There are 2 protein chains.
Amino acid sequence: MLKYEEIAKELEKNISQNELEQGSKLPVLETLMGQYQASKSTVIKAISLLEKKGLVYQVRGSGIFVRKQKRKGYIRFTNQGFSGELRDDKITAKVIELDIRKPTQEAAESLNIDLDEDVYYVKRVRYINGQTLCLEESYYNKSIVTYLNNEIATNSIFDYISEALGHKIGFSDMYLHVNSLTKVEAEYLGLQEGEPKLFVETIFHLNNAQPFDFSRVTYNYQQSQFFFQSTGYSM
Amino acid sequence: MLKYEEIAKELEKNISQNELEQGSKLPVLETLMGQYQASKSTVIKAISLLEKKGLVYQVRGSGIFVRKQKRKGYIRFTNQGFSGELRDDKITAKVIELDIRKPTQEAAESLNIDLDEDVYYVKRVRYINGQTLCLEESYYNKSIVTYLNNEIATNSIFDYISEALGHKIGFSDMYLHVNSLTKVEAEYLGLQEGEPKLFVETIFHLNNAQPFDFSRVTYNYQQSQFFFQSTGYSM
DNA sequence: CAGTGGTCTAGACCACATA
DNA sequence: ATGTGGTCTAGACCACTGG
């Protein structure tokens with residue numbers, strides 16, 4: 001673990017342990033430099049990381065202050081997308097389908113493969129604290145995600161890909177829509193046809209930019225309360 | 001303008017002018033250092049900025065590559081929220097109401113003011129390329145935003161706040177829901193009652209963390225196609 | 001104008017990707 | 001093994017805030 005990550009982690013721990021309120025001032029840079037035996041740049045880098053996460057805000061010439069989320073019960077939406085953060089809640093999944101097949105046109109384009117290449121297709125319903133959260137269909141490029149089974153799909157597929165298969169997950173592109181539930185979708189989510197839905201398509205890439213997963217997710221609007229922190233207004 | 005911002009701007013210009021494809025490799029760091037007469041750290045900082053914007057991705061030990069958006073016609077959703085980016089399209093606004101009043105309970109809490117303090121209330125419909133984009137209600141803390149009129153509200157209120165009033169806009173907290181349109185909302189947006197909507201509440205803060213604007217925005221789902229780029233998967 | 005955060009540099013050294 | 005990106009440092013200097 002890098003030094004600036006270490007420092008960021010420590011600071012984060014201090015903030016939550018001491019239950020610092022919004023607006024609380026952190027120690028000045030020089031103090032932090034001494035405390036963590038690090039150079040100014042390194043400390044600033046650590047703090048910028050926290051700023052990116054939405055935990056602090058910096059005011060030039062004044063100080064570094066704690067930032068807090070006002071409302072509770074919202075799913076945090078970060079630069080990693082939702083899924084990276086859902087680990088905090090009790091998320092479970094039920095696998096509905098899992099097989100090897102040929103991709104749809106859209107999946108093939110998104111994954112940058114031919115229509116006759118194999119993909120793992122996974123259809124799951126995910127639950128948050130016992131309620132249906134979303135219906136998910138995913139297409140994994142089989143030449144990258146070489147094996148999948150029911151047990152893996154019931155837990156975190158991404159953990160498996162990075163830990164067991166040793167792939168490094170990189171960036172992703174998300175496309176969001178709002179629309180009405182089809183009959184089939186409504187049944188899976190325990191809702192009524194025509195009720196609203198949040199529909200998110202995501203293309204996940206490896207570290208080296210190769211797409212390995214194309215997913216189409218329909219969210220239960222009753223559980224879909226998202227929180228998003230923006231940082232800085234420039235231009 | 002800072003040196004690393006300058007470099008980032010130049011690089012961005014080069015990417016778009018040369019129409020570089022996804023995966024194109026940028027010159028190596030040493031070249032860029034020479035080209036812009038800057039130190040390694042400064043160049044890296046510039047590139048990190050571009051990475052944050054979703055324009056490039058970096059692969060350690062390999063290079064820096066161009067990243068491109070696959071689908072067209074989506075509104076980009078960045079760390080600045082939507083509005084920061086909407087400038088590219090033809091956005092217009094029609095003011096429906098504009099007056100000084102007392103805040104609602106929710107607005108008072110969000111703005112951190114008392115129920116008997118004054119706010120500017122603005123209700124607008126915004127259009128994108130002639131179509132209704134959203135219905136927006138905003139509450140501005142009058143002790144900060146001391147004056148507003150119809151003309152300002154027809155254009156960009158935020159430009160006015162930062163340029164004419166000299167305030168520095170800082171971070172914001174956004175809360176997203178999906179739900180169904182009420183009859184009134186549907187009328188403003190030219191849709192039917194019960195159709196889906198994306199509903200976003202945002203608290204905007206100044207540089208010094210003081211909230212100055214609480215807004216409630218209902219989006220026309222037909223125009224609400226958002227694009228979001230995530231960077232990096234850690235933890 | 002004092003206090004504090006932020007930029008920028010040169011250079012040592014490290015970590016990863018690719019062949 | 002080599003090329004390439006990234007961390008880290010010490011210190012000079014700059015920019016903003018607030019009394």
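Every value quoted in this text rests on a predicted model; they were computed, and no experiment measured them.
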Exercise. Can you tell me if CD on A:Glu19 sees more than 12 non-hydrogen neighbours from other groups inside 6.0 Å?
Worked result: no

Seminar exercise, completed: With a 4.0 Å cut-off (strictly under) to non-hydrogen atoms of chain A, the first and last hit nts on DNA chain C, 5' to 3', are C:dG3 to C:dA17

Problem set entry | Check against side chain to side chain contact (heavy atoms under 4.5 Å, CB included), B:Ile7 and B:Ile47 | CA-CA 8 Å; B:Ile7 296 173; B:Ile47 289 172; over 6 Å; no

For this session: With a 4.0 Å heavy-atom cut-off, tell me which residues in residues 32-51 of chain B come close to DNA chain C, sorted by residue number.
Result: B:Gln37, B:Ala38, B:Ser39, B:Ser41, B:Thr42, B:Lys45

For this session: In plain terms, say whether B:Arg101 and B:Asp118 are close enough for a salt bridge, that is, a side-chain N and a carboxylate O under 4.0 Å apart.
Result: no

For this session: Would you please classify the geometry between the B:Tyr57 ring and the B:Phe65 ring as parallel, tilted or perpendicular, with 30° and 60° separating the classes?
Result: parallel

Exercise. Is a side-chain N or O of B:Lys102 found less than 3.5 angstrom from the main chain of B:Asp116, in a donor-acceptor match?
Worked result: yes

Exercise. Closer to the 5' end of DNA chain D via nearest nucleotide, is it A:Glu5 or A:Ser62?
Worked result: A:Glu5

Exercise. Is the closest side-chain donor-acceptor distance between A:Gln225 and B:Tyr175 under 3.5 Å?
Worked result: no

Seminar exercise, completed: Closest to the 5' end of DNA chain C, once A:Asn208 and A:Leu29 are matched to their nearest nucleotides, is A:Leu29

Exercise. In whole Å, what is the span from the CD1 atom of A:Ile64 to the C1' atom of D:dC16?
Worked result: 14 Å

Exercise. So B:Phe158 and B:Phe212, would you call those rings parallel, tilted or perpendicular, with 30° and 60° as cut-offs?
Worked result: tilted

Exercise. Can you check whether B:Asn207 has a side-chain N or O nearer than 4.0 Å to OP1 or OP2 of D:dC16?
Worked result: no

Exercise. Within this structure, what is the CZ-to-C1' distance between A:Phe65 and D:dC16, rounded to whole angstrom?
Worked result: 13 Å

For this session: Please tell me which of A:Leu2 and A:Glu30 maps to the more 5' nucleotide of DNA chain C, matching each residue to the nucleotide holding its nearest heavy atom.
Result: A:Glu30

Seminar exercise, completed: Terminal axes of the helix from C:dC1-D:dG18 to C:dT18-D:dA1 (5 end pairs apiece), angle rounded to 10 degrees, sit apart by 30°

Problem set entry | Under 3.5 Å donor-acceptor, B:His205 side chain and B:Gly170 backbone | no

Exercise. Where each residue is assigned the nucleotide of DNA chain D containing its nearest heavy atom, which of A:Val59 and B:Gly63 is assigned the position nearer the 5′ end?
Worked result: B:Gly63

Problem set entry | N-O pairing of B:Lys3 and B:Glu6 below 4.0 Å | no

For this session: Could you tell me whether B:Arg71 and A:Glu106 make a salt bridge, using a distance below 4.0 angstrom between a side-chain N and a carboxylate O?
Result: yes

Exercise. Sub-3.5 Å donor-acceptor pair from the side chain of A:Arg126 to the main-chain atoms of A:Glu136, do we have one?
Worked result: no

Problem set entry | Nearest-angstrom distance from the residue atom NZ of B:Lys168 to P of D:dA15 | 12 Å

